[in-house]
**Q** 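There's a structure below that I have some questions on.
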Amino acid sequence: MKILVIGKNGQLGRSIQKLISNFNHHKFTLTGREELDLSSSESISKYFDTYSHFDVIINCAAYTAVDRAEDEIDLANRINHLAVKKLAEFANLQNTKLIHISTDYVFDGKNESLYLESDNPNPINVYGKTKLLGEKTVLETMPNNALIIRTSWVYSEFGNNFVKTMLKLGYEKNEINVVSDQIGSPTYAIDLARAILHIISNDNFSKKSFPTEIFHFSNMGETSWSDFAKEIFKLSNLNCKVTPINTDQYPTTAVRPKNTTLSKEKITKQFRFQIPLWKQSLKECLNEIM
Ligand SMILES: NC(=O)c1ccc[n+]([C@@H]2O[C@H](COP(=O)([O-])OP(=O)(O)OC[C@H]3O[C@@H](n4cnc5c(N)ncnc54)[C@H](OP(=O)(O)O)[C@@H]3O)[C@@H](O)[C@H]2O)c1
């Protein structure tokens, strides 16, 4: 298959890049902002007028600066919503399948149990609202042949993320305060990349037409940011004390949902794979970083 990966320089894009040597029966084209700028409708049209006939598009690119999005509403909307509409239109036109990545932040975090794909989204910040519009536009524009995969708390050996920030702070400080009343599941981007490559290699995905659906993916288990930080320090032998604090003691520009733990039952059953526990994947990532 000819596969286009959009967002090659992000955590997920780089994770896919790291794994594709094992999939050399497919031809991958990787693009970054320089080749395909999602904030510009002209750039998207020009790209697909020049390069076409992909079998699959994997959209890993997004406006992901959750706090900055509160002030850059238009830009976040262009990248997370309007660009996704264009991608879905081109995918339809060219008979291409689409894998689009979304977020747990489409939920308000008020659920007491795991979020199912069928639960009602109700985003409470601009980033979540623009990502939800992106999901809706895929469902409307492409009723068939797209998968929307919602993920959460993504980290990896690439780019900036919570794990790398904690490692830096753990080396510099003896004690830090970390929020303990936001609960979710961390996602090692390599595990998500593995899942995506597994899904597209499945005959049911590559050879058949299927109705567009939403799936959830993160590592198994749940934690708070403060327990996540404690585990990072424990596995890295860093002697930095974590003091749990409440969200209202750590004000941020964008409001965050309290509990966004996602149920992964649908994706694991439908595509027949297992997802590692978050602590196991954290260990793998820390080994890569070290
Ligand atoms: N990170 C998380 O915790 C998290 C949580 C839930 C869901 N997600 C979703 O998971 C997906 C992957 O996230 P990630 O962590 O890999 O994100 P990331 O590391 O922030 O990467 C996002 C990528 O999007 C690219 N991008 C931004 N604006 C662009 C534009 N105008 N044109 C083209 N490319 C543009 C960036 O390019 P540059 O490198 O040039 O800036 C970057 O490479 C996204 O859909 C995100 O919404 C992430």
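All values reported here derive from a predicted model rather than from experimental measurement. Start at 1 with the first residue, then count along the sequence. As the structure lists them, so they are numbered: ligands from 1, and atoms in each ligand from 1.
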**Q** Within the structure, does Tyr63 bring an N/O atom to less than 3.5 angstrom of an N/O atom in ligand 1?
**A**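 No, there is no polar N/O contact under 3.5 Å.
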**Q** Using the side chain to side chain contact (heavy atoms under 4.5 Å, CB included) definition, which of the options Ile275, Asp104, Leu192 pairs with Thr187?
**A**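 Going through Ile275, Asp104, Leu192 one by one, the side chain to side chain contact (heavy atoms under 4.5 Å, CB included) with Thr187 is satisfied by Leu192 alone.
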**Q** So which heavy atom in the protein is nearest atom 31 (N) of ligand 1, and how far is it from that ligand atom?
**A**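 Residue, atom and distance for the closest contact: Asp37 OD1, 2.9 Å.
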**Q** Can you tell which of Glu265, Arg272, Lys266 makes a side chain to side chain contact (heavy atoms under 4.5 Å, CB included) with Lys269?
**A**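 Per the side chain to side chain contact (heavy atoms under 4.5 Å, CB included) rule, the option paired with Lys269 is Glu265, out of Glu265, Arg272, Lys266.
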**Q** Among all protein heavy atoms in this structure, tell me which lies nearest to atom 25 (C) of ligand 1, with the distance rounded to 0.1 Å.
**A**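 The closest heavy atom on the protein side is Ala61 CB, 3.8 Å.
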**Q** Any atoms of ligand 1 less than 4.0 Å from a non-hydrogen atom of Cys60? List them with their elements.
**A**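 Counting atoms of ligand 1 from 1, those under 4.0 Å from Cys60 are 11 (C), 12 (C), 44 (C).
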**Q** I need the nearest protein heavy-atom contact for atom 48 (C) of ligand 1: residue, atom name and distance, please.
**A**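 Ranking protein heavy atoms by distance from atom 48 (C) of ligand 1, first comes Val154 CG2, 3.7 Å.
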**Q** Please determine whether any non-hydrogen atom of Trp153 lies less than 4.0 Å from an atom of ligand 1.
**A**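 The answer is yes: ligand 1 sits under 4.0 Å from a heavy atom of Trp153.
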**Q** On the 0 to 90° scale, with breaks at 30° and 60°, tag the Phe107-His216 ring pair as parallel, tilted or perpendicular.
**A**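 Aromatic pair Phe107/His216 classed perpendicular.
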**Q** Using distance alone, decide if ligand 1 has a nitrogen or oxygen within less than 3.5 Å of any nitrogen or oxygen in Glu34.
**A**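 No; every N/O pair is 3.5 Å or more apart.
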**Q** Heavy atoms, side chains only, cut-off 4.5 Å: are Asp55 and Ser206 in contact?
**A**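 SC-SC contact between Asp55 and Ser206 ruled out.
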**Q** Below 3.5 angstrom, do we get any N/O pair linking Thr103 and ligand 1?
**A**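 Such a contact does not occur with ligand 1.
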**Q** Please confirm whether Leu12 comes within less than 3.5 Å of ligand 1 when only nitrogen or oxygen atoms on both sides are compared.
**A**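 Indeed, backbone or side chain, Leu12 has an N or O that close.
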**Q** A side-chain contact here means heavy atoms from C-beta on lying under 4.5 Å apart; do Leu36 and Ile44 qualify?
**A**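 Touching, per the 4.5 Å side-chain cut-off.
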**Q** Hey, is ligand 1 close enough to Gly32 that some N/O pair sits below 3.5 Å?
**A**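 Checking ligand 1 against Gly32, no N or O pair falls under 3.5 Å apart.
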**Q** Taking the six-membered ring for Trp, are Phe162 and Trp225 parallel (under 30°), tilted (30 to 60°) or perpendicular (over 60°)?
**A**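 Aromatic pair Phe162/Trp225 classed tilted.
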**Q** Could you tell me if any non-hydrogen atom of Ala189 lies under 4.0 Å from any atom of ligand 1?
**A**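 Judged by the 4.0 Å heavy-atom criterion, Ala189 does not count as contacting ligand 1.
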**Q** Report the part of Ile101 in contact with ligand 1, treating N, CA, C, O as backbone and CB onward as side chain, heavy atoms under 4.0 Å; options are side chain, backbone, both, neither.
**A**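 For Ile101, the contact with ligand 1 is made by both the backbone and the side chain.
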**Q** Which residue holds the protein heavy atom closest to atom 6 (C) of ligand 1, what is that atom called, and what is the gap in Å?
**A**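 Of every protein heavy atom, Thr151 O, 3.2 Å lies nearest to atom 6 (C) of ligand 1.
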**Q** Find out whether Lys230 and Pro244 are in side-chain contact, i.e. whether some heavy atom of one side chain is under 4.5 Å from a heavy atom of the other.
**A**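 Yes, side chains in contact.
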**Q** With Trp278 as reference, evaluate Tyr188, Phe228, Tyr155, Trp153 under the ring pair (Phe, Tyr, Trp, His ring centres under 6.0 Å) test and give the passing residue.
**A**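 Result: among Tyr188, Phe228, Tyr155, Trp153, Phe228 is the only option passing the ring pair (Phe, Tyr, Trp, His ring centres under 6.0 Å) with Trp278.
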**Q** I want to know if ligand 1 touches Leu38 in the polar sense, i.e. an N/O pair below 3.5 angstrom.
**A**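 Right, the criterion is met.
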**Q** Is Lys85 salt-bridged to Glu89, cutoff N-O under 4.0 Å?
**A**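 Counted as a salt bridge, because a side-chain N and a carboxylate O are separated by less than 4.0 Å.
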**Q** Compute the ring centroids of Tyr47 and Phe90, then answer whether they are less than 6.0 Å apart.
**A**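 When the ring centroids of Tyr47 and Phe90 are compared, they turn out to be at least 6.0 Å apart.
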**Q** For ligand 1, does Lys8 get within less than 4.0 Å through its side chain, its backbone, both, or neither, judged by non-hydrogen atoms?
**A**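 Neither; no heavy atom under 4.0 Å.
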**Q** Between Ser102 and ligand 1, which part of the residue brings a heavy atom under 4.0 Å of the ligand: side chain, backbone, both or neither?
**A**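 Looking at Ser102 and ligand 1, just backbone atoms fall under 4.0 Å.
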**Q** As an exercise, identify every atom of ligand 1 less than 4.0 angstrom from a heavy atom of Leu36.
**A**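 Atoms satisfying the 4.0 Å criterion: 32 (N), 33 (C).
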**Q** Can you pull out the closest protein heavy atom to atom 45 (O) of ligand 1? Residue, atom name and distance to 0.1 Å, please.
**A**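 The closest heavy atom on the protein side is Lys131 NZ, 2.8 Å.
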**Q** What is the closest protein heavy atom to atom 38 (P) of ligand 1, and at what distance does it sit?
**A**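 The closest one turns out to be Arg33 NH2, 3.5 Å.
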**Q** Do the non-hydrogen side-chain atoms of Asp191 and Met220 ever get within less than 4.5 Å of each other?
**A**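 Answer no - side chains too far apart.
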**Q** Kindly say whether the aromatic ring centers of Tyr127 and Tyr63 come within a distance under 6.0 Å.
**A**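 Here the rings of Tyr63 and Tyr127 have centres that are no less than 6.0 Å from each other.
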**Q** With a 4.0 Å cut-off on heavy atoms, is Gly159 in contact with ligand 1?
**A**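 Contact absent.
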**Q** Are any of the side-chain nitrogens in Glu172 or Lys168 under 4.0 Å away from the carboxylate oxygens of its partner?
**A**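 Salt bridge present between Glu172 and Lys168.
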**Q** I need the Asn246 CG to Ser226 OG distance, nearest 0.5 Å.
**A**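 Taking CG in Asn246 and OG in Ser226, the distance rounds to 9.5 Å.
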**Q** Please round to the nearest 0.5 Å and tell me the distance separating atom CD1 of Ile20 and atom NZ of Lys27.
**A**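 Atom-to-atom, Ile20:CD1 and Lys27:NZ are 10.5 Å apart.
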**Q** Is there at least one pair of N or O atoms, one from Ala62 and one from ligand 1, spaced under 3.5 Å apart?
**A**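 Yes; at least one N/O pair falls below 3.5 Å.
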**Q** Please list the nearest protein heavy atom to atom 20 (O) of ligand 1 with its residue and the distance rounded to 0.1 Å.
**A**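 So the nearest neighbour among protein heavy atoms is Thr64 OG1, 2.6 Å.
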**Q** Who's closest to atom 19 (O) of ligand 1 heavy-atom-wise, of Arg14, Arg78, Gln11?
**A**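 Ranked by closest heavy atom to atom 19 (O) of ligand 1, first place is Gln11.
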**Q** If I apply the N/O under 3.5 Å rule, does Asp104 come out as touching ligand 1?
**A**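 For ligand 1, there is no N or O atom that lies under 3.5 Å from one belonging to Asp104.
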**Q** Decide whether Ser43 and Asp37 meet the rule of one side-chain donor and one side-chain acceptor closer than 3.5 Å.
**A**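 No, because no side-chain N or O of Ser43 sits under 3.5 Å from a partner of the opposite role on Asp37.
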**Q** Give the atoms of ligand 1, by number and element, whose distance to some non-hydrogen atom of Ile79 is under 4.0 Å.
**A**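 Ligand 1 atoms under the 4.0 Å threshold to Ile79: 28 (N), 31 (N).
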**Q** Got the closest protein heavy atom to atom 46 (C) of ligand 1, with its distance?
**A**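 Answer, as residue, atom name and distance: Tyr127 OH, 3.5 Å.
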**Q** If we only consider heavy atoms of Tyr105, is any one of them less than 4.0 Å away from an atom in ligand 1?
**A**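 No, Tyr105 has no heavy atoms under 4.0 Å from ligand 1.
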